[in-house]
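Shown next, in structure tokens, is the structure this report addresses.
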Amino acid sequence: MTKKFAAPRGTADILPEESEHWYTVEASAKSCLASHGYREIRTPIYEETALFKRSLGQTSDIINKQLLELKTDKEEGYALRPEGTASIVRCYLENSFDKKEPISKFYYAGPMFRGERPQKGRLRQFHQIGVEVIGTNCKSPYLDAEIIILAMRTLERVDVEGLSLRINSLGSHDDKAHISSWLREQLSKQNQEFCQECQDRLDRNVFRVLDCKKEGCQKLIKSIVKQLPLSKESEEYFQIVQKALRSSGVVFTIAPQLVRGLDYYIHTVFEITAQGLGSQDAVGAGGRYDGLVHELGGDPKVDYGAIGFALGVERILLSRSGQQDGIAGIYAFVIPMTADIQELAFKVTDQLRKGYLAADMSYGTGSMKSQLSRANKLNAKFVLILGEEEIKSNTITVKDMKTGAQERAPLNEIVGFMRLKQGSN
Ligand code: ATP
Ligand code: MG
């Protein structure tokens, strides 16, 4: 028997009826981001493995378990990108944006790859829409607020319902060392009650413990970590972010346990969830990661700032009804009544298309009923019928699919005729 092929595990085909919704989400999100002063950037979907290792940190789950590496003969390895930030910082530095402008605001959209255990809302190839702001002059807490507001607004504009926002501050770079030893001290008191993985993480990278997905560990963490010990400056920074969010009408809760996957996050981190998604309910997340720019080769004399977020498109699509999307149909569907009229039908269709009208034709020879049902499936506004009668009188029958009204139009002026109809509709 011939082998039957299937899409790789954890990937999904996006079929035409779904891609209409994808298009709506991507187009609305991009227009929202562009209207806030962000410009699209497109980087390759694979990079040197070392770039991801450097940016995500050796102790992160993505590096330890999820990186999909490409097989090559070369010494330096490549891997499919698990997220967008590393590539964009690499691109920012490679193209010397830091020499050209004080602040760069990018957005991106595209597939990401992680070797995860596939389940609802968790794929190996999934898609993100995200933004990164990087600059030599962008350390303002108001930018943290802008980014959070922008993430929420983008999700609202693509009709995600039941959003909730959690924010936290991990403090400045200097605070983090202090917070790290404080956390280790607190969590060690109940060391035995954490899962084995968390017990290892306690020594290696205590922030990763807070990110554990296991319910038992999450409960423990919530009971132990009520507030992170921030310095006065960091606390003030965080207060400005909160005040700015309130002034924009953004509702949030403070989650002292919230951390992000990357090691370089400082100050503000956040996560947005949507209702009805079950256990994989995070539709987006982000935060400030100033230190990463130096880590990837930024000028040591420059004090970079960097902040961004990523939204998961599959989860966005799961959490919106999508019924409000107008499904694009064709304008005219041309039906030749007999096979020998196909040549003429082909010419008519071609003329309509040349005239920028969305048109298609029937290549089959089924009954009129089956041809009309095909037109209905294609959401056609009009059906143009060519039979012997029409040819004799040099006309074409135009049927309005909604009202059922029929009229005859002059065959050699059909494009103009259909254009006028479009104008009056
Ligand atoms: P999670 O906690 O769900 O594993 P994460 O911390 O790995 O998420 P990020 O790296 O912050 O997620 O990515 C941002 C968003 O991308 C997530 O909020 C989610 O919507 C989406 N996302 C992440 N991983 C996947 C995946 N494997 N499949 C589908 N969407 C994903
Ligand atoms: Mg994950």
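We count ligands from 1, going down the list as the structure has it; atoms in each ligand are counted the same way. Only heavy atoms go into these numbers, but all of them, side chains included; no hydrogens, no water, no symmetry mates. We count residues from 1, following the sequence as given.
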| Quick check, are the ring centers of Phe382 and Phe333 under 6.0 angstrom apart? | no
| request: Verify the ring-centre separation between Tyr304 and His294: is it less than 6.0 angstrom? | output: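 Yes: the rings meet the under 6.0 Å criterion.
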Heteroatom proximity flag, [X] to ligand 1, N/O under 3.5 Å:
| X | value |
| --- | --- |
| Arg122 | yes |
| Glu116 | yes |
| Leu123 | yes |
| Gln280 | no |
| Ile62 | no |

Min side-chain heavy-atom separation [X]-[Y] under 4.5 Å:
| X | Y | answer |
| --- | --- | --- |
| Gln422 | Lys381 | no |
| Leu245 | Ile167 | yes |
| Tyr331 | Met418 | yes |

Considering the heavy atoms of [X], write down every atom of ligand 1 situated less than 4.0 Å from one of them.
| X | value |
| --- | --- |
| Gly284 | 18 (O) |
| Arg260 | 6 (O), 9 (P), 11 (O) |
| Ala282 | 17 (C), 18 (O), 19 (C), 20 (O) |
| Val283 | 18 (O), 20 (O) |

| request: Specify the protein heavy atom at minimum distance from atom 14 (C) of ligand 1: its residue, its atom name, and the distance to 0.1 Å. | output: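 Closest protein heavy atom to atom 14 (C) of ligand 1: Gln128 NE2, 3.3 Å.
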| request: Starting from atom 22 (N) of ligand 1, find the nearest protein heavy-atom neighbour and note its residue, name and distance. | output: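 Its nearest protein heavy-atom neighbour is Phe126 CE1, 3.5 Å.
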| query | Does atom 8 (O) of ligand 1 have a protein non-hydrogen atom under 4.0 Å from it? | reply | no
| Heavy-atom proximity to atom 29 (C) of ligand 1, best of Pro118, Gly121, Ala274 | Gly121
| Residue portion contacting ligand 1 (non-hydrogen atoms closer than 4.0 Å) for Lys213 | side chain
| message | Checking contacts here: is it the side chain or the backbone of Met112 that comes within 4.0 Å of ligand 1, counting heavy atoms only? Could be both or neither. | response | neither
Looking at [Y] and [X], is any side-chain nitrogen of the basic one under 4.0 Å from a carboxylate oxygen of the acidic one?
| X | Y | answer |
| --- | --- | --- |
| Lys301 | Asp299 | yes |
| Arg90 | Glu94 | yes |
| Arg201 | Asp203 | no |

| request: May I have the step-by-step check of salt bridge (Lys or Arg N to Asp or Glu O under 4.0 Å) for Lys139 and Asp303, ending in yes or no? | output: CA-CA 9 Å; Lys139 293 212 155 189; Asp303 194 12; 2.9 Å; yes
| message | Atom OH of residue position Tyr46 - does it have more than 12 heavy atoms of other residues, nucleotides or ligands inside 6.0 Å? | response |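 Open: at most 12 neighbouring heavy atoms sit under 6.0 Å from OH of Tyr46.
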